[in-house]
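Naming convention: chains lettered A, B, ... in sequence-line order (proteins, then strands); numbering from 1 in each chain.
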Protein chains: 2
Amino acid sequence: MKKHPKTGDNGNNSDKRRATSYDVATLAGVSQSAVSRVFQDGASASKAMRERVMAAADQLGYRPNAIARGLITQRSNMVAVVISKLTNLYYPEVLVQLTQRFSEKGVRVLLFALERESDTESVVEQMLQYRVDGILTAAMFTPGQLETIDNAGIPVVFYNRSAPGQQVSSIRCDQEEGERWLVDELVNAGHRSFGVVEGPGDSIVSIERRTGALNELKSLGITDITTVSGDFGYETGRECFSELVSKRGSPPDAVIAANDVMAIGCIDEARESHKLSVPGDISIVGFDGVGPARYSAYALTTVRQPVQRMTLAAASMLLERIENPELSPEKRSFSGIPVRGSSAKLNPAE
Amino acid sequence: MKKHPKTGDNGNNSDKRRATSYDVATLAGVSQSAVSRVFQDGASASKAMRERVMAAADQLGYRPNAIARGLITQRSNMVAVVISKLTNLYYPEVLVQLTQRFSEKGVRVLLFALERESDTESVVEQMLQYRVDGILTAAMFTPGQLETIDNAGIPVVFYNRSAPGQQVSSIRCDQEEGERWLVDELVNAGHRSFGVVEGPGDSIVSIERRTGALNELKSLGITDITTVSGDFGYETGRECFSELVSKRGSPPDAVIAANDVMAIGCIDEARESHKLSVPGDISIVGFDGVGPARYSAYALTTVRQPVQRMTLAAASMLLERIENPELSPEKRSFSGIPVRGSSAKLNPAE
DNA sequence: GGCAGTATTGCATTCGTATGCAATTCGGAG
DNA sequence: CTCCGAATTGCATACGAATGCAATACTGCC
């Protein structure tokens, strides 16, 4: 009894049902296993076989079904990439680069975009159902979610964040170090009163940057510090600056914004609404090194994240762990690249 | 003879092998079909059954395998989204929004990122192998590729582009109309000599914008036009402006850039390298309405794409065609939203 | 030509879920 | 209590490819 008596009128290559390896096998007069082997890397197949099969495959427009392959091999060759919405101008580059890196390795990217960084409920469920081989996330997971993922044996790499109290792999830019540099430069240039514009409360990146800045300021004996908070966006950057001024009664010597976009907002607000010159009357610095930071109207003093190296490392780290699940967690921290723009009065050189 | 004698020590829920519907069935003392039915929407299952199965499923940490489901139902519940690298500041928003829209409908996004818009070779292969249910693309496909996709019965929706001479569905912003508005405003304000900064040659969007602008200029009897081309990036925006000036010997009355980012580059170059006032000495306009266009240092006059509505429409259009593959192609064109900024001298009102 | 050893090939089974069909149970009406 | 139709459940098979094992075809060497 034939198990697969499906092919209707073969020879014609554009038909509703997609050709399967059985169809190809039948047309080529070989077994299905042979077809399967021809379409694999390390499989043994003679040159003659290869040619016969390929000819038949072309004729039928056959291509292996990755879904079926994933089922039998227990490998989907897909990784989940999780991003959150707020991380506006910065992540696009990251995402495109990541996707290309994975692509080169024959791995597809299943994208999940969160409205807020804390919306991870259903995402975890989806990732597990699709049996992704690994997870690269720019959002936090709860300990419970992490345990679930870990039980499923799926490696996870955190991007610019980590899991509190958990042993996990991560790639990050050293935010504290970057803030330290910024603060040092500003203080060395004689600034004594500071405004700190932080980002959203559920963003670790924002928290690290704020903490880094405040700690360094404190350790340098600076006490005149005013803090306000925004959402990483341009508009709130502007609002934050005005809030800062009204809270203090006057502008501080310098403003440390949690990211470049808010720093730009601060600059615009300072210039437009408060008639201040930047950096003549006030110094303003950011963080990230996004595109607009270079625009000459701002020429932001900032710390640039080494995106290229970070994405490359993140992809490698995840792929490694997919190949070898026993690898213990690893944290790689990259130093940011100091960028002296003209948005802050700094010491001439060091 | 038992077909699936796999479960080792059940009762314990954290074990290497993922629980399957058989495991759940065994533990709950029901058939595998029952488990399958409980985890579906329109399936018939009694309340008692539902509860037993769910209890067992929780205990084992079971979740349906989307890969296996995809194999049997011939539906991967995944769509491919294709973007290209160059489309820098603009697409990130699009991408996040799209992903969220699809998510709401229970559809996952498989992301493909192209280095250049013409790198579509392997992408098509990948998409077909993964049996995506639909394709949303912000890159062009060749006629051959389109035919292949069509033969596979996969619906395609083009985003801001179309396939030459092919009947396909698309969502676009009416670039010509937008350029017409920009040109009209500029000419009405008395500008007579123009610089046109176009984008990369393999980008349809760029071509449409250039053509739109040139046609309108011509129809208004303007002949003093100089054209240069960049790559949609800030740096080339700056270079283009200087090239424009040196080509003409003097700055034109107005510059029409193919996108906001290049317009910003032009403004910076005009101000910094040529000591020109914008819009005092020269008017510069862009296209897209990206974030930085709003920054008050630029306050770009531009045409904003209605991203929200476009992504919503694109997602719906694709999902519709997945449900009903017989639907004939449809093209939806959205008008851009004119934004009068301060980067151009325009008529006071109309 | 004969033989050992290796490279190819085919057979049969497997991955985890969905579903048509038949068997069974359930509910209510008479 | 009995009987009928509807709802629920189980059985068996299918989806499309990969792979261990056994059978077969080659290869080179004596």
Side-chain angles (χ1 to χ4, degrees), chain A residues 1-7 16-26 28-53 56-57 60-77 128-131 133 152, chain B residues 1-7 16-53 56-57 60-77 128-131 152:
Chain A
M1 178 181 113
K2 290 259 163 111
K3 278 191 75 178
H4 286 267
K6 321 176 229 174
T7 315
K16 32 214 69 169
R17 216 179 44 68
R18 311 280 288 270
T20 74
S21 56
Y22 277 100
D23 301 332
V24 176
T26 305
V30 301
S31 74
Q32 179 268 331
S33 344
V35 177
S36 170
R37 288 188 177 109
V38 167
F39 279 90
Q40 273 177 86
D41 332 284
S44 90
S46 67
K47 200 181 147 213
M49 171 67 82
R50 216 170 288 276
E51 282 165 2
R52 294 191 58 165
V53 168
L60 296 176
Y62 168 78
R63 41 205 115 227
N65 182 327
I67 299 288
R69 174 179 291 173
L71 182 57
I72 186 73
T73 60
Q74 310 278 43
R75 269 291 207 103
S76 62
N77 282 315
L128 291 176
Q129 292 199 5
Y130 273 84
R131 301 301 193 264
D133 295 335
Chain B
M1 178 183 110
K2 289 260 162 112
K3 278 191 75 179
H4 285 269
K6 321 177 227 174
T7 316
K16 31 215 70 169
R17 216 179 43 69
R18 311 281 289 270
T20 74
S21 56
Y22 276 102
D23 302 331
V24 176
T26 305
L27 179 59
V30 300
S31 75
Q32 179 267 332
S33 341
V35 177
S36 170
R37 289 187 175 109
V38 167
F39 279 89
Q40 273 178 88
D41 331 283
S44 89
S46 66
K47 201 180 145 211
M49 171 66 83
R50 216 171 288 275
E51 282 165 3
R52 293 190 59 165
V53 169
L60 296 176
Y62 167 77
R63 44 205 112 227
N65 183 328
I67 299 290
R69 175 177 290 173
L71 182 57
I72 186 74
T73 60
Q74 308 280 43
R75 270 290 207 105
S76 62
N77 282 315
L128 291 176
Q129 292 199 5
Y130 275 85
R131 302 299 195 262

> Are the side chain of Thr26(B) and the backbone of Tyr22(B) linked by a donor-acceptor contact shorter than 3.5 Å?
Replying inline: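 At least one qualifying donor-acceptor pair exists.
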Report task. For Arg131(A) and Ser76(A), indicate whether the former's side chain and the latter's backbone hold a donor-acceptor pair under 3.5 Å. Result -> no
In whole angstroms, how far is the [atom2] atom of [N] from the [atom1] atom of [X]?
X: Tyr130(A); N: dG16(C); atom1: OH; atom2: P; value: 17 Å
X: Leu71(A); N: dT14(C); atom1: CG; atom2: C1'; value: 9 Å
X: Asn77(B); N: dT17(C); atom1: CG; atom2: C1'; value: 14 Å
X: Asn65(A); N: dC15(D); atom1: CG; atom2: C1'; value: 9 Å
X: Arg75(A); N: dA18(D); atom1: CZ; atom2: P; value: 14 Å
X: Leu128(B); N: dG16(D); atom1: CG; atom2: P; value: 15 Å
X: Gln40(B); N: dA18(C); atom1: CD; atom2: C1'; value: 6 Å
X: Ile67(B); N: dA17(D); atom1: CD1; atom2: C1'; value: 13 Å

- Task: For residues Ala19(A) and Tyr62(A), report the shortest heavy-atom separation together with the two atoms involved.
- Result: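 Minimum heavy-atom contact is O-CD1, 3.3 Å.
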- How close do Val35(B) and Val30(B) get, heavy atom to heavy atom, and via which atoms?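 Closest approach of Val35(B) to Val30(B), heavy atoms only: CG2-CG2, 4.2 Å.
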Closest to the side chain of Ser36(B), out of dA18(C), dA18(D), dG16(C), is dA18(C)
Check whether any side-chain heavy atom of Val53(A) lies under 4.5 Å from a side-chain heavy atom of Arg37(A), and answer yes or no. no
**Prompt:** Going by heavy atoms in the side chains, are Val38(A) and Arg52(A) under 4.5 Å from each other?
**Reply:**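 The answer is no; the side chains never approach within 4.5 Å.
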Applying side chain to side chain contact (heavy atoms under 4.5 Å, CB included) to Arg75(B) and not counting sequence neighbours gives Thr73(B), Asn77(B), Asp133(B), Ile322(B), Glu323(B)
Under 4.0 Å from OP1 or OP2 of dA18(C): is there any side-chain N or O of Gln74(B) that close?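 For dA18(C), OP1/OP2 do not have a side-chain N/O of Gln74(B) under 4.0 Å.
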For dA18(D), does OP1 or OP2 lie under 4.0 Å from any side-chain N or O of Tyr22(A)?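 Answer no for this pair, as no side-chain N or O of Tyr22(A) is under 4.0 Å from OP1 or OP2.
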5' to 3', nucleotides 4-11 of chain C under a 4.0 Å protein heavy-atom cut-off (B base, S sugar-phosphate only, - none) gives ----BBBB
